[in-house]
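Taking it in order: structure first as structure tokens, then the write-up.
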Amino acid sequence: MEKLQQEIKAFIAARDWSQYHSPKNLAMALSVETSELVEIFQWLSPKESHELQGETLTHLEEEIGDIMIYLTTLAATYNLDPITAAKKKMIKNVEKYPAPPT
């Protein structure tokens, strides 16, 4: 995760884009990229959504990449690690939504 954060930070710095990366703008960009991800699945049946191939699968990978970049950049703004945040949230989810007894 740290290596990815460093690569993103260097990419942004080399282009002087940090001036555009307020938390508000990053959250909005993240929302746009998430909408682009949703668009891939918009008219697919549940079965079709499990069977992506070729260009569609490549497009999915690109949108996931965009989302990860914006999410990582937003998290870095507040010195947060997305992996740590997800792990903490999973602990809360286990408590909030316990698995049924087997």
Side-chain angles (χ1 to χ4, degrees):
M1 191 70 211
E2 288 179 27
K3 185 172 189 255
L4 176 62
Q5 289 170 324
Q6 291 169 357
E7 289 174 5
I8 293 169
K9 186 176 180 179
F11 181 89
I12 292 167
R15 290 152 182 82
D16 193 27
W17 285 356
S18 60
Q19 61 186 314
Y20 307 112
H21 287 178
S22 69
K24 175 194 76 75
N25 287 355
L26 290 168
M28 290 171 65
L30 180 57
S31 175
V32 169
E33 294 302 335
T34 302
S35 294
E36 291 177 8
L37 176 78
V38 170
E39 186 178 31
I40 294 168
F41 297 100
Q42 186 172 10
W43 302 113
L44 299 180
S45 70
K47 183 180 184 300
E48 290 169 329
S49 72
H50 284 280
E51 300 170 345
L52 300 184
Q53 298 177 26
E55 290 180 22
T56 305
L57 186 59
T58 299
H59 186 193
L60 175 66
E61 181 179 40
E62 290 172 353
E63 297 307 334
I64 289 172
D66 286 339
I67 290 165
M68 186 67 173
I69 290 166
Y70 282 118
L71 181 63
T72 300
T73 304
L74 179 59
T77 301
Y78 298 102
N79 295 317
L80 298 172
D81 174 12
I83 303 296
T84 301
K87 287 179 181 180
K88 286 180 178 179
K89 184 61 177 173
M90 285 302 298
I91 291 168
K92 285 187 171 188
N93 288 346
V94 167
E95 294 171 4
K96 188 173 182 180
Y97 306 104
T102 54

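- Note that CD1 of I12 is 13.0 Å distant from OH of Y20, once rounded to the nearest 0.5 Å.
- Note: T56 OG1 to E51 CD = 12.0 Å, rounded to the nearest 0.5 Å.
- Side-chain contact between M68 and L4: present, with at least one pair of heavy atoms (C-beta onward) separated by less than 4.5 Å.
- Taking 4.5 Å as the limit, every side-chain heavy atom of I91 sits out of range of all side-chain heavy atoms of K88.
- In this structure, T58 contributes its side chain and G54 its backbone to a donor-acceptor pair below 3.5 Å.
- The distance from atom CG of L26 to atom NZ of K24, rounded to the nearest 0.5 Å, is 10.0 Å.
- Across all their heavy atoms, M1 and I83 have their closest contact at SD-CG1, 3.7 Å.
- Within the model, atoms CD of E7 and CD1 of I69 stand 10.0 Å from one another, a figure rounded to the nearest 0.5 Å.
- Closest non-hydrogen pair, W43 versus E48, comes out as O-OE1, 4.2 Å.
- Between D81 and E2 the shortest side-chain heavy-atom distance does not fall below 4.5 Å.
- The distance from atom OG of S35 to atom CD of Q42, rounded to the nearest 0.5 Å, is 10.0 Å.
- Considering CD of E39 and CD of E33, their distance stands at 11.0 Å, rounded to 0.5 Å.
- Between the side chains of H59 and E63, at least one donor N or O sits under 3.5 Å from an acceptor N or O.
- Partners of L60 by side-chain contact (heavy atoms from CB on, under 4.5 Å), not counting sequence neighbours, listed by chain and number: L37, I40, F41, L52, L57, I64.
- Nearest approach of T73 to H21, heavy atoms of both residues: CG2-ND1, 4.0 Å.
- Residues passing the side-chain contact (heavy atoms from CB on, under 4.5 Å) test with P23 are L74, T77, Y78, sequence neighbours excluded.
- V32 and L71 fall into different hydrophobic clusters, defined by Ile, Leu, Val, Met, Phe, Trp and Tyr side-chain heavy atoms under 4.5 Å apart, directly or through other members.
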